[in-house]
Amino acid sequence: MLHAHHLQPYLLFLSPHSHTVSFPFPSRTTTSLSPRFPVTSIRRGSSSLRFRNLGSASISNSVANGGTEHQKQPVTRAYPFHEIEPKWQRFWEHNSTFRTPDDDIDTTKPKYYVLDMFPYPSGAGLHVGHPLGYTATDILARYKRMQGYNVLHPMGWDAFGLPAEQYAIETGTHPKLTTVRNINRFRTQLKSLGFSYDWDREISTIEPDYYKWTQWIFLQLLKRGLAYQAEVPVNWCPALGTVLANEEVIDGVSERGGHPVIRKPMRQWMLKITAYADRLLEDLDDLDWPESVKEMQRNWIGRSEGAEMEFCVLDSDGKDRDIKIIVYTTRPETIFGATYLVVAPEHPLLPSLVSIAQSKHVEDYVDLATRKSDLERTELQKEKTGVFTGCYAKNPANGEAIPIWVADYVLGGYGTGAIMAVPAHDSRDYDFAQKYDVPICWVVTPDSKSLDSGKAFNGEGIIVNSSNTLVGLDINGLSSKEAALTVIEWAEESGKGKRKVNYKLRDWLFARQRYWGEPIPVIFMDDSGETVPLYETELPLILPELDDFSPTGTGEPPLSKAVSWVKTADSLSGRPATRETNTMPQWAGSCWYYLRFMDPHNSKELVGKAKERYWGPVDVYVGGAEHAVLHLLYARFWHKVLFDIGVVSTKEPFQCVINQGIILGEVQYMACRDQDGNLMSADSTDLLNERKLEIIPAEKVMKSGDSFVLKENPNIRLHARAHKMSKSRGNVVNPDDVVSEYGADSLRLYEMFMGPLRDSKTWSTSGIEGVHRFLGRTWRLIVGSPLSDGTFKDGTVSVDEEPTLEQLRCLHKCIAKVTEEIEGTRFNTGISAMMEFLNAAYKWDKHPRSVIEAFVLLLSPYAPHLAEELWSRLGHRKSLAYVPFPKANPTYLKDSTVVLPVQINGKTRGTIEVEETCSEEEAFVLASRDEKLSKYLDGQSVKKRIYVPGKILNVVLDRKNIKVGVQ
């Protein structure tokens, strides 16, 4: 069992009561810290390194809101990573160590396709949260290579996007220049972390050779009627003269400038994802995905069974008009309780429903609704609003005239854009009815308890007040389910409605009024307006160069400014035509990139059939939970279309999805000051809200029980909290700084050691210092102590001797644990197993080469630079990347030791740990050497020994010679 005190030289301690991370390191220098390393050089082509002085470095940390800085104590490098890591990164790149063969791959070997959700290359570069998932996939990739798999582990760039275009508008810099610069920075950062990507397969969605195939997929969708045009409301800002993305609108105004934003119908391209709703739902069951993600997708698709019912509109005399409002309901059994109808502000029948007296009120309300997003309109907590249209409709079940209202909580794009409101049995309708004094009719009673008329009853029960012999419908006394079926049958027989399956899922709006995106490969004939797709041979349709990316002010996309590009001719007839000036959304390029990685240089096909059959589907796909719905849903949709047309051979793109947690910034400790300026506890919510908080530097804080207190005054309790990293909080940690200070292997190891991969974790600089010490101890165990001049001798201190049984057991237990934990993606506990092994190895007099080599191989997926250097020093000329991963021998996993009770003159005085085959003499010798037992045996005359192997050792002493006081 591994205990905390075993790992004290380097182990990270996590408080079970907080996100705080700390290390209990002694203040004095311990043997776990390596001395400085003076002079030397690297000899090219040699496995030996001599390291010059490493010096010390420090990271200064600014305290947010406090306005002060405190300087950390200089951190001594625990081993010469700053020489090792660049050396092996150059080696891997020069030798294409991680290149996956393209055409000459041995397909008889098993495959393993492990993929990161490829990043958008923002100007900010990587922060320490990014490498969390990337390190996990890299460990899996390296591990599987060593197990003999063909591994596909690529990286690329989701490079079209709004931020680059916004920057272009502000600065006049072409978005491609900005994007390429950002990509170069990202690539450099990723390479500095030693990730084993096959960079020969690198792709970017902004390259014509790539988006040619994105455009090709669009044409296939168009051919199959899955792409169409429709008038769709968009966020239009008159002041800016442009369409805004949802994320650019905050509380009804533009993020830039704070100008009013309205919803304005515009022609848009749509993709018919709803045609695949059932398949997207059904195929989730076979996927190895987090259940929470699958449930989110199920809810987003939102399949429901119900009925469409017809309500005839009445004229001012109460007679039927030739207008029918169709509503969708999942509770048809409550139709007798429908006391009003609600139509969406954008419902096409609304103008024909409004009375003269109500026209101004309705017009004003609809105008107000156009300024709200769908999210704002449907927010459950907001107060419901609406306006009476002045018109009535007839309830088909009871024949009563019920008012028709317009309200923004009903969306035109969901269902039919109209609902029958049953306030007695829907909380939202109940609140609305209470506010506007609309009648409430109870038609469902609970099975087992009385009805509370003070609120809506949303559950199922027994139907009451629901009979009309004139129309032949009586459902009184039926259960909700029986009544629903009866109402649907009645509606279909009487022509009043029909059974209907509905979905929350809407068709995908697939157009943006932006420049920086893939051009849509269609033209519109000038003489007829006909939509004509480009021929596949005309692809790619290249995005034209523009100097002015600013909005047109008319709603036309920026591409309309490229007049010579927009004005074209049909390649077949020669007739004049106009190009589509909308571009594809950022989602487009990320819907299929995993396929292009399989065959990135194919100019004739999106992906070769043989390569797709071998590599598909992706075995493990790792990324953030924020992409749980849209990205994964859109990718699954496109994949199913490609499956239907024979491009891919699998129904699903990603067999296993893992969502890594987020890394929060360092814990901040806060206190308040009273009116006199004295510090006071900040552990009350009221105080936190009322008083200004002051951040206390970590070195002035200590733990006291479950709380944190001020060192100089433990009576002052502090509020401790970790926040998501952001520029505004000043708590972003740059991985470049961490690599410079501690090395890439330390960063990789620490991010895996912080806690379970899927959990959120709190960054701690002291935590990475501990992991760094662990790697330093590993270095010194194998390489040895520095020479008198501070340099290290070539090679290692391992010996060519057979390992002892104890050493083999220790090693193979470590192999078994590390293997099991990698397979289960429990990387933190795999690291703990290696730490335990290292502690044990430090107690050995000699370190057999075979044992040390196996340990280096275990470490290599986690800390590849250090492992490669140690492997080289152990006498190997080739990289360890493809050396078989150690396998645990079951023989050495059996616990062949037993705890043996030892009695002295019939009284149990202690226990000893012995081998199962231990002889009586061996047991007695061990007992004599035991610190606790020796005081009873030293200098005593033994009368006899009673030994039962594996059970007990009883030593009977000659009572004449027993020491006084010992008995």
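Predicted model, so just to flag it, every value in this text is computed and none were measured. Hydrogens, waters and symmetry mates are skipped; everything else that's a heavy atom, side chains included, is used.
Using the six-membered ring where Trp is involved, Trp508 and Tyr634 have ring planes that are parallel, under 30° apart on the 30 and 60° scheme. Between Trp269 and Phe218, the ring planes are perpendicular. Angles over 60° get that label, and only those under 30° would be called parallel. Using a 30° and 60° split on the angle between ring planes, Phe388 and Tyr392 fall in the perpendicular class, above 60°. Between Phe457 and His425, the ring planes are perpendicular. Angles over 60° get that label, and only those under 30° would be called parallel. Relative orientation of the Tyr430 and Trp442 rings is tilted, given thresholds of 30° and 60° on the angle between their planes.
Scanning all heavy atoms of the two residues, the minimum distance from Lys384 to Tyr409 falls at CD-CD2, 3.9 Å. Closest heavy-atom contact between Leu314 and Cys391: O-SG, 3.8 Å. Between Gly459 and Arg331 the shortest heavy-atom distance is O-NH2, 3.3 Å. The shortest heavy-atom contact between Ala307 and Ile488 is CB-CG1, 3.9 Å.
The pair Glu652-Lys640 meets the salt-bridge criterion, with a side-chain N (NZ, NE, NH1 or NH2) lying under 4.0 Å from an Asp/Glu carboxylate O. With respect to Asp431 and Lys455, no salt bridge is recorded, no charged nitrogen being found less than 4.0 Å from a carboxylate O. Between Asp283 and Lys294 there is no salt bridge, since no side-chain nitrogen of the basic residue lies less than 4.0 Å from a carboxylate oxygen of the acidic one. Between Lys394 and Glu400 no salt bridge is recorded (no basic side-chain N to carboxylate O distance below 4.0 Å). Remark: Glu383 engages Lys435 in a salt bridge, criterion side-chain N to carboxylate O under 4.0 Å. Using a cutoff of 4.0 Å between basic side-chain nitrogens and carboxylate oxygens, Arg303 and Asp278 are scored as salt-bridged. By the 4.0 Å N-to-carboxylate-O rule, Arg267 lies close enough to Glu580 to be salt-bridged with it. Salt bridge absent: Glu282 and Lys651 never bring a charged side-chain N and a carboxylate O closer than 4.0 Å.
Checked by atom type and distance alone, the side chain of Arg579 pairs as donor or acceptor with a backbone atom of Trp565 at under 3.5 Å. Formation of a donor-acceptor pair under 3.5 Å by the Ser254 side chain with backbone atoms of His259 is found in this model. Side-chain atoms of Asn395 never come within 3.5 Å of backbone atoms of Phe311 as a donor-acceptor pair (strictly under, hydrogens ignored).
Separation of the Trp405 and Phe432 ring centroids falls under the 6.0 Å cut-off.
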Worksheet item: Asn502 and Ser304: side-chain hydrogen bond (donor to acceptor under 3.5 Å, both in side chains), yes or no, with the steps?
Response: CA-CA 5 Å; Asn502 205 20; Ser304 63; 5.1 Å; no

Item to complete: Under the side-chain hydrogen bond (donor to acceptor under 3.5 Å, both in side chains) rule, what do Gln268 and Gln513 come out as? Steps first, then yes or no, please.
Response: CA-CA 9 Å; Gln268 304 285 328; Gln513 291 68 48; 3.3 Å; yes

Item to complete: Could you check Thr469 against Asp474 for side-chain hydrogen bond (donor to acceptor under 3.5 Å, both in side chains), going step by step and ending with a plain yes or no?
Response: CA-CA 7 Å; Thr469 56; Asp474 181 1; over 6 Å; no

Discussion item. If you apply the rule side-chain hydrogen bond (donor to acceptor under 3.5 Å, both in side chains), what do you find for Glu489 with Thr486, and how did you get there?
Written reply: CA-CA 5 Å; Glu489 290 174 3; Thr486 301; 5.3 Å; no

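With a 6.0 Å cutoff to the six-membered ring centre and a 45° limit on the axis angle, Arg263 does not count as a cation-pi contact of Trp236.
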